[in-house]
Amino acid sequence: MSAVTFNDVSRHFGAIKAVDAVSLDIAEGEFFAMLGPSGSGKTTCLRLIAGFERPTAGDIRIFAQPVQDLPPYKRNVNTVFQDYALFPHLNVRDNVAYALMIAGQGRRERYRAAQEALEMVQLAGYDLRKPSELSGGQRQRVALARALVNKPRVLLLDEPLGALDLKLREQMQEELKSLQRQLGITFVFVTHDQGEALSMADRVAVFDHGKIIQTGTPEDIYFRPEVPFVADFVGSSNVLPAALVAQLAGESRPASIRPERLILGAEGRIRARVTGLSFLGLATRVSLDAQGTRLTALLPQDAPRPAPGDEVGVGWNADDLHLMTAGAGA
Ligand code: ATP
């Protein structure tokens, strides 16, 4: 069953097309990421699902029900905001139980639900602390518990890990993913961080200028980008221009190839000059210039390394060259 469906949905603000004729279909229980640069329309899409915005055109359904006329609190959807939006004067338990209090639930019942939600996010025992007495990561968990307490069918997460440092962010990514699996709730996650989207989501929609450019599994998006914009945005892919691809593969279309799939050696399909080397820990990044086309190769640490200025052959397995349509950003 579909959890969220957009059919040609637009949200324009005057001349600004924040969301422009977007169609999408998010399955129940799916972890769906909306990925794109700043201003590409991700947050507006999330707000349209939550009901904080109304579409200028198009049809939005949540579990098959048209929601255009439903206010946010009737949508069975909750949002975790980037800034957490906790009440500073309430303790953790009352923050988490707040929605239940507004809904008129009795104290004992709502505290039991808050306790359960706090256990889910591994914050049992923090009930009586104020938000100011918590770390950033703990505040983030409280925000999550608060959004889960009334058991929404869809959880919307707007860059929820943006304020955390890298190590904590990686830990929370794993925890969020396992929580989502355990609860089976549909998660719609907005981020501009491609690593985050690829590591967590079942499917990723890549946004640009209010439109979805490509939707697919992380592997689709990473290895089989359909247009140069996706190849560029989702990591540092190499884009070979159409003229070069015409010589190599007989088709005048741009193509992408991931840096870790380039093979350097005496032989190769094209010649290139090494312009730089960077040590990255597990791998070495080699920058190359192939008659004006800049390429990047990632070599495993134990592979023989060329030196800057060397001329090398650059090869790849035919399967790793992915032909694209010219599309946006070409
Ligand atoms: P970010 O990652 O920076 O949050 P985003 O991809 O989530 O970006 P949106 O916040 O959806 O992008 O904004 C899309 C476009 O719509 C932007 O150009 C933004 O300035 C514009 N926009 C959003 N809300 C409004 C509004 N209330 N009034 C006018 N323009 C708006």
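Indexing begins at 1, ligand by ligand and atom by atom, following the structure's order. Positions are given from 1 along the sequence. Quick caveat: nothing in here was measured; it's all calculated off a predicted structure.
For R181, there are no salt bridge (charged side-chain N to carboxylate O under 4.0 Å, His left out) partners, not counting sequence neighbours. Every residue two or more places apart in sequence or in another chain was checked for a side-chain hydrogen bond (donor to acceptor under 3.5 Å, both in side chains) with S40, and none qualifies.
A continuous path of Ile, Leu, Val, Met, Phe, Trp and Tyr side chains, each step under 4.5 Å between heavy atoms, connects F32 with V19, placing both in one hydrophobic cluster.
No hydrogens or angles considered: a donor-acceptor pair under 3.5 Å links the side chains of D94 and Y111.
Residues of the protein with a heavy atom under 4.0 Å from ligand 1 are F13, I16, A18, P37, S38, G39, S40, G41, K42, T43, T44, listed by chain and number.
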Could you tabulate the donor-acceptor pairs under 3.5 Å formed by side-chain atoms of residues 239-252, not counting sequence neighbours?
| from | atom 1 | to | atom 2 | distance (Å) |
| --- | --- | --- | --- | --- |
| E251 | OE1 | R253 | NH1 | 3.3 |

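Both cation-pi conditions hold for R258 and Y222: the charged atom is under 6.0 angstrom from the six-membered ring centre and inside a 45 degree cone around its axis.
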